[in-house]
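Order of the sequence lines fixes the chain letters, A, B, ..., with proteins taken first and strands second; residue numbering starts at 1 for each chain.
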Amino acid sequence: MSDQEHQEERYEDTELYRIRHSAAHIMAQAVVELMPEAKYTIGPPIENGFYYDFDLPRTLTPEDLEKIEKRMRQIIAANHKFERKVLTAEEARQVFKDQPYKLELIEGLEQGGMDEYGNPLETKPEISTYTHDTFVDLCRGPHVESTRQINPSAVKLMQVAGAYWRGDEKNKMLQRVYGTAWKNATELEQYLWQLEEAKKRDHRKLGKELQIFTFDEEVGPGLPLWLPRGGVIIDMLEDLARELETKAGYDRVRTPHLTKEDLFIRSGHLPYYAESMYPPMELEGVKYYVKPMNCPFHHKIFASQPRSYRDLPLRLAEYGTCYRYEKSGELMGLMRVRSMQMNDAHIYTPEDLFEQEFMAVIGLYQQYFDIFGIDKFVMRLSTHHKNGLGKKYVDNERLWLKTEDMVRRAMSNGGVPYKEVPDEAAFYGPKIDVQIWSAIGREFTLATNQVDFAVPERFNLTFINREGQEETPLCIHRAPLSTHERMIGFLIEHYAGNFPVWLSPEQVRIIPITDGQNDYCVSLMKQLKDLGIRASADLGADRMNAKIRAAQLFKVPYMLVVGGREVETGVVSLRKRDGSRADGMPVSEFIALVQQRIATRSREL
RNA sequence: GCCCUCAUAGCUCAGUCGGUAGAGCACAUUCUUGGUAAGAAUGGGGUCAUGGGUUCAAAUCCCAUUGAGGGCUCCA
């Protein structure tokens, strides 16, 4: 994996990077010209474009963006050179004496401590500026040599957004202008076209069109309502999970949505994560909380009887519904919601079986990914950071290091490629997220897998080991199918609404050519339904062509067109969602086809 | 939570300069009985998100609230 990375040119070294970086400077010049009081901060290239953050006396309007963009083209056309200059901190302070944010950056550079985001740097950097036309910016580069190397018809400003100075919500909110820049107009158009295509596949749009879920203002933000078609998809996912988990030795349990405060004090959720929980309700002087996680309940089930090493690993699984108070601005379709049903399980294992159990979970992920046709994924191992001990993280550095090491060892022994992300662990242990991408390039963190060395102890969970002594088990939290919400949001985009047959809410739609075949269609539908196939018959007043179109738009995998000929000979004319046709197919043959697709959870039509 | 943008029929959207609403699809009825992505006619359907304000007059202008979207922050 690392070999590949070295072969690919780093983004920082590409021409596009220099173009975008330079476009950001040019944009800053245009903004400063428009509002001379502007304080400018940082403006890096990003994936597909660039941004620049400003502190401005007033809000930028869409009309301002047009003006800025126009002015940018003029600056580009004037062909100004980008000139680099190295200077001392004192000189730099002189140049940027009216730019408080730049002064703060210089401070950081001078101490050799911080980059523009306030993160520590390893080596003390040089202080340099880049100047083009009238605009001087504190910048390490690199840039194009002159503005003409930017294609003015391949640059476009996209939107204004808020962003905190140095990404810290305690700091001032700045105005961030996003732009995109490419080598030529064709590339820009291609990019804009991709954005349009992405919108068509967006799960929020398709979810509404295909009647999978809805939100209602009166129910509340982030609280999805699953429509009957969504309900079918949920049932199918649960069947799948039940099937594979049963084979893998899981036991299914069920737990309440509510619990007394005491449970979450013991688990550590209240001290660490009260902010993300719905506030308590008080009954007879006792506080109750709706659960943000299922684990404390499972721990109690573990504790409900004495455990022997012979009982372990104990794997408790539940599709438990949790509630988390996500901040209002963080909600997004099905991807970030406030009520979610998790494909949850907790595996209690002695330390010596950890690696085996951990790898079994990874194996389960891979089985799911095969079924859904997910071939690109990255395992991210999130570890703790010393500074967070006792705050974000349980204060036991020895166990942190030990567990993180166990996970690393398990993954490298098992040949699982992963990348490490420091300081993003769960409060009770290292976390392994599986990151995947939907067909429209949206990044999803779906599956998650956490190793908990802390909470079992808080719950006094023990088992009697071979030596007859009490021992505390490790707990693996895992959710390969994530939550129904996020998983189905992903699947909608992954399949663009064209669900494989086994997942399709409606598998077969029977379409009569005239109403003379209605009775036959109804009995055919009943026959299919009796076999557990999700079939419907469209007996409306529309013409056959319109019915086919409707079924097609609804992305029903199989349409059975039935006219006089079919009724007489007991066959159907099969039209698949992809437009292919098989006329004169015996009903039994069609049934065999559907049943095969369903039984094997085939991705084929 | 913060910044910006948006909210008109079930859906997608139009509505000019402030003069109390329109289209297509969907739905219902009727005609049509048809061979693989829209047959036709007629009809019903809107306190223009909610609450205030300005005005002779508000979908339109202003304020607040609610919800959504794009970001930031956060994401057990």
Side-chain angles (χ1 to χ4, degrees), chain A residues 51 53 56 59-62 65 158-178 195 199 202 204-205 208-209 211 214-222 264 267-269 272-277 291-296 322 324-333 335-338 340 342 344 382 392-393 424-429 431 433 445 448 450 452 455 477 479 486 511-518 540-554 559-566 573-577 579-583:
Chain A
Y51 68 79
D53 286 348
L56 301 174
T59 303
L60 285 170
T61 63
L65 282 198
M158 305 298 281
Q159 70 223 351
V160 191
Y164 299 108
W165 166 237
R166 289 197 151 157
D168 187 335
E169 64 180 325
K170 290 194 273 298
N171 289 341
K172 183 161 188 190
M173 172 76 58
L174 306 169
Q175 292 187 63
R176 173 172 296 180
V177 183
Y178 280 97
L195 291 181
K199 271 190 204 158
D202 191 304
R204 292 166 294 189
K205 179 176 154 70
K208 186 188 268 185
E209 284 170 6
Q211 297 171 15
T214 188
F215 287 93
D216 187 289
E217 209 172 301
E218 227 166 331
V219 174
F264 290 127
S267 70
H269 285 98
Y272 288 96
Y273 286 107
E275 234 182 55
S276 314
M277 290 168 66
K291 63 177 171 183
M293 280 184 96
N294 304 302
C295 28
C322 297
R324 298 180 186 175
Y325 197 83
E326 306 284 355
K327 292 181 193 167
S328 56
E330 292 165 346
L331 301 172
M332 203 280 270
M335 303 320 302
R336 276 299 277 287
V337 288
R338 287 178 174 167
M340 69 214 79
M342 299 174 70
D344 213 357
S382 301
K392 271 168 88 170
Y393 307 123
E424 288 192 15
F427 76 84
Y428 44 65
K431 175 170 89 165
D433 289 320
T445 299
T448 175
Q450 291 140 21
D452 183 346
V455 185
H477 304 235
R486 202 169 270 196
I511 297 170
I513 289 177
T514 75
D515 54 16
Q517 291 89 46
N518 281 4
D542 282 330
R543 292 187 58 201
M544 173 205 65
N545 290 290
K547 291 179 182 179
I548 287 173
R549 180 165 192 271
Q552 198 74 48
L553 290 174
F554 238 65
M559 283 154 260
L560 299 182
V561 179
V562 175
R565 290 206 292 272
E566 283 75 13
S573 170
L574 169 64
R575 179 195 163 96
K576 293 186 182 177
R577 184 171 56 199
S580 65
R581 272 174 68 175
D583 292 339

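Following rounding to the nearest Å, A:Gln175 (CD) and B:C2 (C1') show an atom-to-atom distance of 13 Å. If you take CG of A:Asn171 and P of B:U73, they are 11 Å apart, rounded to a whole angstrom. For A:Asp53 and B:C2, the CG to C1' distance is 14 Å, given to the nearest whole Å. With rounding to whole Å, A:Met332 atom CE is found 16 Å from B:U73 atom P. As rounded to whole Å, 18 Å separates atom C1' of B:A37 from atom NZ of A:Lys576. As a whole-Å value, the separation of A:Lys172 NZ from B:C2 P is 16 Å. Rounded to whole angstrom, the span from the CG atom of A:Asp515 across to the C1' atom of B:C31 amounts to 13 Å. We find that CE of A:Met544 is positioned 8 Å from P of B:A37, with the value rounded to whole Å.
When the P atom is compared between B:C6 and B:G15, the two are found 14 Å apart, to the nearest whole Å. Taking atom P on both B:G44 and B:A23, the two are 12 Å apart, rounded to the nearest angstrom. When the C1' atom is compared between B:A38 and B:U32, the two are found 15 Å apart, to the nearest whole Å. A gap of 36 Å separates the P atoms of B:C63 and B:G24, to the nearest Å. Spacing between B:A49 and B:A40 at atom P, rounded to whole Å, works out to 33 Å. B:C13 and B:U73 have their C1' atoms separated by 35 Å, given to the nearest Å. Atom name P, nucleotides B:A58 and B:A21: the rounded distance is 12 Å, in whole Å. On the P atoms, B:G67 is 22 Å away from B:C62, given to the nearest whole Å.
Here the nucleotide nearest the side chain of A:Thr514, chosen from B:A38, B:U33, B:C72, is B:U33. Of the candidates B:A37, B:G1, B:C3, B:G1 carries the atom nearest the A:Glu169 side chain, counting heavy atoms from C-beta on. Picking from B:C11, B:C3, B:G1 the nucleotide with the shortest atom distance to the side chain of A:Tyr164 gives B:G1. Across B:C4, B:G39, B:U12, the shortest atom-to-atom separation from the side chain of A:Lys208 is found for B:U12.
On a pure distance criterion of 3.5 Å, no polar donor-acceptor pair joins the side chain of A:Arg324 and the base of B:C75. Side-chain atoms of A:Arg176 stay outside donor-acceptor range of the base of B:C72, with no qualifying N/O pair under 3.5 Å. Judged by distance alone with a 3.5 Å cut-off, a donor-acceptor contact links the side chain of A:Glu566 to the base of B:G35.
Here B:G67 sits opposite B:C6 as a Watson-Crick or G-U wobble pair (both hydrogen-bonding atom distances under 3.5 Å). Using Watson-Crick or G-U wobble geometry with both donor-acceptor distances under 3.5 Å, B:C72 finds its partner in B:G1. When Watson-Crick and G-U wobble pairs are counted only if both distances are under 3.5 Å, B:A23 pairs with B:U12. With a cut-off of 3.5 Å on both pairing distances, B:A38 has no Watson-Crick or G-U wobble partner at all.
Taking each heavy atom of A:Met342 and A:Cys322 in turn, the nearest pair found is SD-SG, 3.8 Å.
Side chain of A:Gln175 to main chain of A:Leu60: a donor-acceptor pair is present (N/O by atom type, distance under 3.5 Å, no hydrogens or angles). A side-chain donor-acceptor contact under 3.5 Å links A:Lys547 to the backbone of A:Gly540. A donor-acceptor pair under 3.5 Å is formed between the side chain of A:Arg338 and the backbone N or O of A:Glu326.
Within the nucleic acid shown, A:Gln450 comes within 4.0 Å of sugar-phosphate atoms alone, with no base atom in reach, counting heavy atoms only. Using a 4.0 Å heavy-atom criterion, one finds that A:Ala161 contacts the bases of the nucleic acid, with or without backbone contacts as well. No contact: A:Asp542 has no heavy atom under 4.0 Å from any strand. Note on A:Gly333: only backbone sugar-phosphate atoms sit closer than 4.0 angstrom, heavy atoms only; bases stay farther off. A:Tyr428 comes within 4.0 angstrom of sugar-phosphate atoms only, judged by non-hydrogen atoms across all strands, and of no base. Using a 4.0 Å heavy-atom distance criterion, A:Pro221 is classed as a sugar-phosphate-only contact. Residue contacts for A:Leu553: at a heavy-atom cut-off of 4.0 Å it reaches a base atom on one of the strands shown.
Here A:Tyr178 reaches the OP1 or OP2 of B:C72: one of its side-chain N or O atoms lies under 4.0 Å away. Close to B:G1, at under 4.0 Å from its OP1 or OP2, lies a side-chain N or O of A:Ser328. Contact annotation: A:Arg204 reaches the phosphate of B:G69 (side-chain N/O to OP1 or OP2, under 4.0 Å). Listed pair A:Arg575 / B:A37 meets the phosphate criterion, a side-chain N or O lying under 4.0 Å from OP1 or OP2. Using a 4.0 Å cut-off, no side-chain N or O of A:Lys547 falls inside it from OP1 or OP2 of B:G34.
Within the 4.5 Å cutoff, side-chain heavy atoms of A:Arg577 are placed close to those of A:Gln552.
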Criterion side chain to side chain contact (heavy atoms under 4.5 Å, CB included) on A:Lys291 and A:Phe264, from CA distance to verdict:
CA-CA 9 Å; A:Lys291 63 177 171 183; A:Phe264 290 127; 3.8 Å; yes
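One finds no salt bridge joining A:Glu330 and A:Arg324 here, because no Lys/Arg side-chain nitrogen approaches an Asp/Glu carboxylate oxygen to under 4.0 Å. The pair A:Asp168-A:Arg166 does not meet the salt-bridge criterion, since no charged nitrogen lies less than 4.0 angstrom from a carboxylate oxygen.
Taking the six-membered ring where tryptophan is involved, the planes of A:Tyr273 and A:Phe427 are tilted, since the angle between them lies from 30° to 60°.
In this structure, A:Gly516 and A:Phe427 both approach RNA chain B, and ranking their closest nucleotides by distance from the 5' end singles out A:Gly516. Nearest-nucleotide positions on RNA chain B place A:Ala541 closer to the 5' end than the other of A:Glu217 and A:Ala541.
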